[in-house]
Amino acid sequence: MTELSSPFLTTLEERGFIHQCSDLEAVDALASKGELIAYVGYDCTASSLHVGSLISIMMLHWLQTTGAGRPIVLLGGGTTRVGDPSGRDETRKILTLDQIEANKAGIQKVFDRFLKFGEGAKEGTTVDNAEWLAPLNYIDFLRDVGRHFSVNRMMTMDSAKLRLDREQELSFIEFNYMLLQAYDYVELARRQGCNLQMGGSDQWGNIVTGMDLGRRMGTHQLFALTCPLLTTASGAKMGKTASGAVWLNEDQLSAYEYWQYWRNTEDADVVRFLKLFTTLPMKRINELATLKGAEINEAKKVLATEATRLIHGEEKASQAENAAQKTFEAGVHADDLPSVSISTAELAKGLGVLNAFVQAGLVKSNGDARRQIKGGALKVNDTAVTDDSQILSDSDITEDGVIKLSFGKKRHVLMRPQ
RNA sequence: GGAGGAGUGCCCGAGUGGCUAAAGGGGGCGGACUGUAAAUCCGCUGGCUAUGCCUACGUUGGUUCGAAUCCAACCUCCUCCA
């Protein structure tokens with residue numbers, strides 16, 4: 001491997017961020033001079049990003065904090081209207097413009113946690129590619145950009161090949177995604193002097209295509225840098241919890257649950273994740289890496305708290321840690337657990353357990369609740385529910401003034417009478 | 001445009017008149033074991049005012065005591081031909 005000298009690339013390298021790079025030496029040189037202007041694109045397919053996007057966000061973060069250059073966050077308000085076929089068997093469903101706008105607003109929020117935005121030379125900017133993609137004229141685009149693309153080559157690229165090989169539909173609109181992303185890179189090069197595009201390894205093809213287009217259209221030299229895609233040591237795709245994806249926005253996944261997600265990391269992944277998802281110094285991580293067996297749990301707690309602190313802040317992170325400590329280790333009720341409120345009047349009348357668990361959002365229906373009771377999964381105030389006709393009333397309120405509902409060993413909700 | 005084939009639960013996939021809320025697998029969830037881990041084993045994996053009722057096998061109608069299964073039309077996808 002090339003000898004790296006810039007703080008930026010040495011950091012990425014030792015923390016396991018680098019998957020492929022078009023020219024490590026050149027990027028290293030630019031980083032050393034603080035002249036990198038790097039972007040990562042995020043499509044607006046949901047109202048929040050999830051942990052899968054976190055690696056690339058961290059790359060932008062390191063870019064800025066190591067002084068290597070200026071980060072650009074590209075929100076794909078334009079490309080989302082088209083849909084990226086990379087790594088997908090099926091066509092993404094077409095979103096309405098309103099949905100895309102709403103998603104964009106949701107996604108944007110998370111970046112303030114990781115990047116400093118502003119006018120300064122090293123401060124970040126956010127752009128929306130709809131700005132230049134939406135007004136494009138089809139004929140002009142074909143003449144200026146389309147002529148540089150070989151269909152023969154496009155069909156051999158992974159994003160298209162996967163579909164073709166499996167004889168899955170690849171619509172023309174998706175086939176064009178590659179052109180648009182390539183064009184984005186050229187636009188950013190021209191508008192902002194952008195010289196590096198980063199992303200997940202599945203974006204390699206799209207990024208390189210953009211570099212190539214830049215060369216043909218006469219921009220300065222462009223570079224590509226990708227990070228590995230996230231999988232757990234046992235091979236599962238990352239980013240799933242009982243309740244769905246691991247969202248970064250708090251309105252979609254509470255800080256408590258986010259903390260729990262990281263706390264439940266597999267042993268074999270802890271060190272790797274500490275490097276990728278926290279900003280702890282390597283020295284500290286290497287210390288944690290020496291832990292063995294059950295001690296690894298300490299490292300997991302550090303991981304959980306650090307990762308949570310990065311996106312939800314110090315206070316939320318320690319609250320989550322605290323709640324977990326009380327719940328799992330001290331075995332006492334924690335006020336910081338997720339909670340739902342219930343009217344005192346309703347409780348006075350008597351509330352069926354099934355209904356209670358549904359209201360708490362721990363099970364999805366009464367039938368589900370019944371099945372879980374049979375399986376011994378539901379607990380009220382830490383006592384297993386055995387009778388599905390059990391009624392909760394005032395007498396179930398603990399000294400802490402709540403009723404604790406548990407689903408399995410890990411998911412708890414406090415019901416607060418109000 | 002012509003000929004043939006296919007559409008089943010979160011996904012894959014069996015089922016070709018009643019015994020089918022639908023085999024099997026995957027995924028997911030829960031339990032046991034542990035360390036809030038992994039691996040393993042076991043259970044669950046439409047809804048409800050629940051010994052019954054409702055919704056479900058692309059859509060809409062029809063045949064029948066009874067349909068995912070038969071018929072018709074429509075929609076979507078695939079293959080071959082032009």
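In what follows, chains carry the letters A, B, and so on, assigned in the order in which the sequence lines appear, proteins first and then strands, with residues in each chain numbered from 1. The model shown is predicted, which means the values in this text are computed figures rather than measured ones. Hydrogens, waters and symmetry mates are skipped; everything else that's a heavy atom, side chains included, is used.
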Extract from the structure each pairing of a protein N or O with an N or O of nucleotides 46-50 of chain B at less than 3.5 Å, listing the distance.
unit_1, atom_1, unit_2, atom_2, d
B:G47, OP1, A:Ser365, OG, 2.8
B:G47, OP2, A:Arg371, NH1, 3.1
B:G47, OP2, A:Arg371, NH2, 3.0
B:C48, OP1, A:Asn366, N, 3.1
B:C48, OP2, A:Gly367, N, 2.9
B:U49, OP2, A:Asn366, ND2, 3.2
B:A50, N6, A:Arg370, NH1, 2.2

With sequence neighbours excluded, residues passing side chain to side chain donor-acceptor pair (under 3.5 Å) with A:Thr226 = none
Shortest side-chain distance from A:Asp267, nucleotide among B:C29, B:G35, B:U36 = B:G35
Residues A:Thr79 and A:Asp43: side-chain donor-acceptor under 3.5 angstrom | yes
Would A:Lys379 and A:Asp382 pass as an ion pair if we require N to O under 4.0 Å?
-> no
Just how far, in rounded Å, is C1' of B:U34 from NZ of A:Lys410?
-> 11 Å
Atom CD of A:Glu266 to atom P of B:A37: distance rounded to whole Å?
-> 11 Å
When you compare B:U8 with B:G58, how far apart are their P atoms, in angstrom units rounded to a whole number?
-> 6 Å
How does RNA chain B look in dot-bracket notation if pairs are Watson-Crick or G-U with both distances under 3.5 Å, crossing ones as [ ], other-strand ones as |?
-> ((((((((.[[[..)..(.....]]]((((((.......))))))(((...)))...[[[[[..)....]]]]]))))))).
Any donor-acceptor pair under 3.5 Å joining the side chain of A:Glu329 to the base of B:U36?
-> no
Figure out the CG/P separation between A:Asp269 and B:A38, and round it to whole Å.
-> 10 Å
What interatomic distance, in whole Å, is found between P of B:G7 and the corresponding atom of B:G43?
-> 31 Å
Same-atom distance (C1') from B:A22 to B:A37, integer angstrom = 37 Å
When rounded to whole Å, the OH to C1' distance for the pair A:Tyr256 and B:U36 reads 9 Å
Partners passing side chain to side chain donor-acceptor pair (under 3.5 Å) against A:Lys275 (at least two apart in sequence or in another chain) = none
Expressed as a whole number of Å, how far does the C1' atom of B:C33 sit from that of B:G25?
-> 26 Å
Hits for side chain to side chain donor-acceptor pair (under 3.5 Å) against A:Glu250, two or more places apart or cross-chain, chain-then-number order -> A:Lys316
Please report the C-alpha distance between A:Glu346 and A:Lys349 in whole Å, then the side-chain angles of each, then the deciding distance to 0.1 Å, and finally whether the salt bridge (charged side-chain N to carboxylate O under 4.0 Å, His left out) criterion is met.
-> CA-CA 5 Å; A:Glu346 196 178 348; A:Lys349 274 188 301 187; over 6 Å; no
Interface polar pairs with nucleotides 21-24 of chain B, N/O, under 3.5 angstrom:
none

Provide the distance between the two P atoms, one in B:A82 and one in B:A73, to the nearest whole Å.
-> 27 Å
Using the C1' atom as the reference point in each nucleotide, state the distance between B:A14 and B:U69 in Å, no decimals.
-> 13 Å
Using the C1' atom in both, what is the distance from B:C19 to B:G13, to the nearest Å?
-> 22 Å
NZ of A:Lys409 versus P of B:G30: gap in Å, rounded?
-> 9 Å
Sorted by chain and number, sequence neighbours left out, side chain to side chain donor-acceptor pair (under 3.5 Å) with A:Thr66 holds for none
Give the rounded distance in Å between these two atoms: CD1 of A:Ile373 and C1' of B:G30.
-> 13 Å
Sequence neighbours left out, what pairs pass ring-ring contact (aromatic ring centres under 6.0 Å, His included) with at least one residue falling in residues 341-393 of chain A?
-> none
With RNA chain B as reference, determine whether A:Arg263 or A:Gly408 sits nearer its 5' end, using the nearest nucleotide of each.
-> A:Gly408
Checking all strands, does A:Lys374 fall into the base, sugar-phosphate, or nothing category for heavy-atom contacts under 4.0 angstrom?
-> nothing
Select base, sugar-phosphate, or nothing to describe what A:Gln260 touches, counting heavy atoms under 4.0 Å on all strands.
-> base
Any ring-ring contact (aromatic ring centres under 6.0 Å, His included) pairs touching residues 278-323 of chain A, not counting sequence neighbours?
-> A:Tyr258-A:His312
Measure up the A:Phe114 and A:His61 rings against each other and bin them: parallel (under 30°), tilted (30 to 60°), perpendicular (over 60°).
-> perpendicular
Quick one: which residue pairs count as a salt bridge (Lys or Arg N to Asp or Glu O under 4.0 Å) with a foot in residues 385-399 of chain A, not counting sequence neighbours?
-> A:Arg370-A:Asp388
What's the CG-P distance between A:Leu378 and B:C44, to the nearest Å?
-> 16 Å
Using the P atom as the reference point in each nucleotide, state the distance between B:G5 and B:U60 in Å, no decimals.
-> 24 Å
Here the distance between atom P of B:A37 and atom CG of A:Leu303, to the nearest Å, is 15 Å
Contacts satisfying salt bridge (Lys or Arg N to Asp or Glu O under 4.0 Å) that involve residues 129-140 of chain A (not counting sequence neighbours) are A:Glu131-A:Arg191
Pairs flagged by salt bridge (Lys or Arg N to Asp or Glu O under 4.0 Å) wherever residues 296-313 of chain A is involved - sequence neighbours left out = A:Asp267-A:Lys300, A:Glu298-A:Lys301, A:Lys301-A:Glu329, A:Glu306-A:Arg309
